[in-house]
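A quick write-up on the structure given underneath.
Just so we're clear, the structure is a prediction, and the values are computed from it rather than from any experiment.
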Amino acid sequence: MNAFPDAYLYSMLLTLLLGPDFGSPPSFVSRKLLTVLSECGKTSSLIDDISIVNLYASGSSHSFPVSSGEEALLKVRKEVMNDRVHFVWTQFSELNSYFKKQAEDEGKLNGKLAEMISLLTCEKKSAHRKGMKCSLTSELKEIPTQMDAWVRCLYSTLPTNTMLIICTGHGDTAIVHRLRKILVEQKETAISLEKIVQVLEELQAQAEVALCFVGVKNRGHAR
């Protein structure tokens, strides 16, 4: 017997699959940032994976497809020293690539789902909810350390009075997309539909969290 009423489960599935804006009126399509900058007479450089470059490059922007964080760092350090470029975008995508590989590996995916189900069960029994914290592999710990070194290297290259904006993006969106796909295809899995919905609800809430940091480099330090 289902643990959820059918109508409630159906509504939850639609919200998880289609996003929190499900049922609300459609909004206007946002204009590309690089297009707006170009119309204002500003030159931009876009340094990212080729799929991102093809999707967002526009106007007078310079496009530089890269395949690794090290390659992105070399390109962005060169572009920030170009006086004719007003805005530079790049992305260190190693963490997202790691999450994608984990989500595509069925064994690792099932292991993480089992761990999260266990954590959810423990939280329900506990009077104090502090949020789920899954175990971290040595590889996962190493990636942010490397990215931090790249950011420090980039910052040391920036000219004085340059504004640096760092955004973490979102969390593990790869596993969210994978679980949504499982629910849509309704394939037989070792984990019940109700459990997957519970885990997806928690994972989606975590993946929607992002952080943004802004600093202006001066002769002494960023502020």
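Atom CD in Gln198 sits 8.0 Å away from atom CD in Glu194 (nearest 0.5 Å). How far CD1 of Ile117 is from CG of Asn110: 9.5 Å, rounded to the nearest 0.5 Å. Between Ile143 atom CD1 and Ser138 atom OG the span is 10.0 Å, to the nearest 0.5 Å. Atom SG of Cys212 and atom CD1 of Ile165 lie 6.0 Å apart (nearest 0.5 Å). One distance of note links CZ of Phe92 with CG of Leu154; it measures 6.0 Å at 0.5 Å rounding. Summarising the geometry, atom CG belonging to Leu113 is positioned 10.0 Å from atom CD belonging to Glu115; distances are rounded to the nearest 0.5 Å.
Side chains of Leu95 and Leu140 form a contact here, defined as non-hydrogen atoms less than 4.5 Å apart. With contacts defined as side-chain heavy-atom distances shorter than 4.5 Å, the pair Leu37/His86 does not qualify.
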Residues Lys141, Thr145; criterion side-chain contact (heavy atoms from CB on, under 4.5 Å); working and verdict: CA-CA 7 Å; Lys141 292 179 181 178; Thr145 302; 5.8 Å; no

side-chain contact (heavy atoms from CB on, under 4.5 Å) evaluation trace for Leu109 with Ile182: CA-CA 12 Å; Leu109 176 65; Ile182 290 174; 4.1 Å; yes

Quick one, Val80 with Val85, criterion side-chain contact (heavy atoms from CB on, under 4.5 Å). Give me CA distance, side-chain angles, the key distance, then yes/no. CA-CA 7 Å; Val80 296; Val85 177; over 6 Å; no

List the steps and the verdict of salt bridge (Lys or Arg N to Asp or Glu O under 4.0 Å) for Asp105 and Arg178. CA-CA 10 Å; Asp105 188 311; Arg178 178 67 189 277; over 6 Å; no

Check against side-chain contact (heavy atoms from CB on, under 4.5 Å), Lys217 and Asn161: CA-CA 5 Å; Lys217 184 176 181 180; Asn161 293 328; over 6 Å; no

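In the displayed structure, Tyr98 atom OH is contacted under 6.0 Å by more than 12 heavy atoms of other residues, nucleotides or ligands. Other residues, nucleotides and ligands contribute only 12 or fewer heavy atoms inside 6.0 Å of the CD atom of Glu142. In the displayed structure, Glu70 atom CD is contacted under 6.0 Å by at most 12 heavy atoms of other residues, nucleotides or ligands.
Put simply, Phe64 and Ile52 are part of two different groups of oily side chains (I, L, V, M, F, W, Y) that touch within less than 4.5 Å, one to the next. Placement of Val88 and Tyr56 in two distinct hydrophobic clusters is found when ILVMFWY residues are connected by side-chain heavy-atom separations under 4.5 Å, directly or transitively.
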For a quick test of your reading: what N or O donor-acceptor pairs under 3.5 Å do the side chains of residues 44-51 make, sequence neighbours left out?
{"unit_1": "Ser45", "atom_1": "OG", "unit_2": "Glu79", "atom_2": "OE1", "d": "2.5"}
{"unit_1": "Asp48", "atom_1": "OD1", "unit_2": "Gln91", "atom_2": "NE2", "d": "3.0"}
{"unit_1": "Asp48", "atom_1": "OD2", "unit_2": "Trp89", "atom_2": "NE1", "d": "2.9"}
{"unit_1": "Asp48", "atom_1": "OD2", "unit_2": "Gln91", "atom_2": "NE2", "d": "2.9"}
{"unit_1": "Asp49", "atom_1": "OD2", "unit_2": "Ser51", "atom_2": "N", "d": "3.0"}
{"unit_1": "Asp49", "atom_1": "OD2", "unit_2": "Ser51", "atom_2": "OG", "d": "2.5"}

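Shortest non-hydrogen contact noted between Cys153 and Ser156 is O-OG, 2.6 Å. When all heavy atoms of Val53 and Ser63 are compared, the closest pair comes out as CG1-CB, 3.5 Å. What you find for Ala72 and Val66 is that their closest heavy atoms are CB-CG2, 3.9 Å.
None of Leu33, Leu34, Val36 except one satisfies the side chain to side chain contact (heavy atoms under 4.5 Å, CB included) rule with Ser58; the exception is Leu34. Under the side-chain hydrogen bond (donor to acceptor under 3.5 Å, both in side chains) rule, Asp172 has a single partner from Gln206, Gln102, Lys100, Lys112, which is Lys112. Leu164 pairs with exactly one of Val214, Val216, Leu158 by the side chain to side chain contact (heavy atoms under 4.5 Å, CB included) rule, that one being Leu158.
Applying the salt bridge (Lys or Arg N to Asp or Glu O under 4.0 Å) test to every pair with at least one member in residues 144-154, sequence neighbours left out, gives these pairs: Asp148-Arg152.
The salt bridge (charged side-chain N to carboxylate O under 4.0 Å, His left out) test applied to Glu139 returns no partner, not counting sequence neighbours.
Proximity of a side-chain donor or acceptor of Ser118 to a complementary backbone N or O of Ala114 within less than 3.5 Å is not detected.
A side-chain donor from one of Glu71 and Ser67 sits under 3.5 Å from a side-chain acceptor of the other. Defined by atom type and a distance below 3.5 Å, a donor-acceptor pair is missing between the side-chain atoms of Thr43 and Arg84.
With a 6.0 Å cutoff to the six-membered ring centre and a 45° limit on the axis angle, Lys42 does not count as a cation-pi contact of Phe87.
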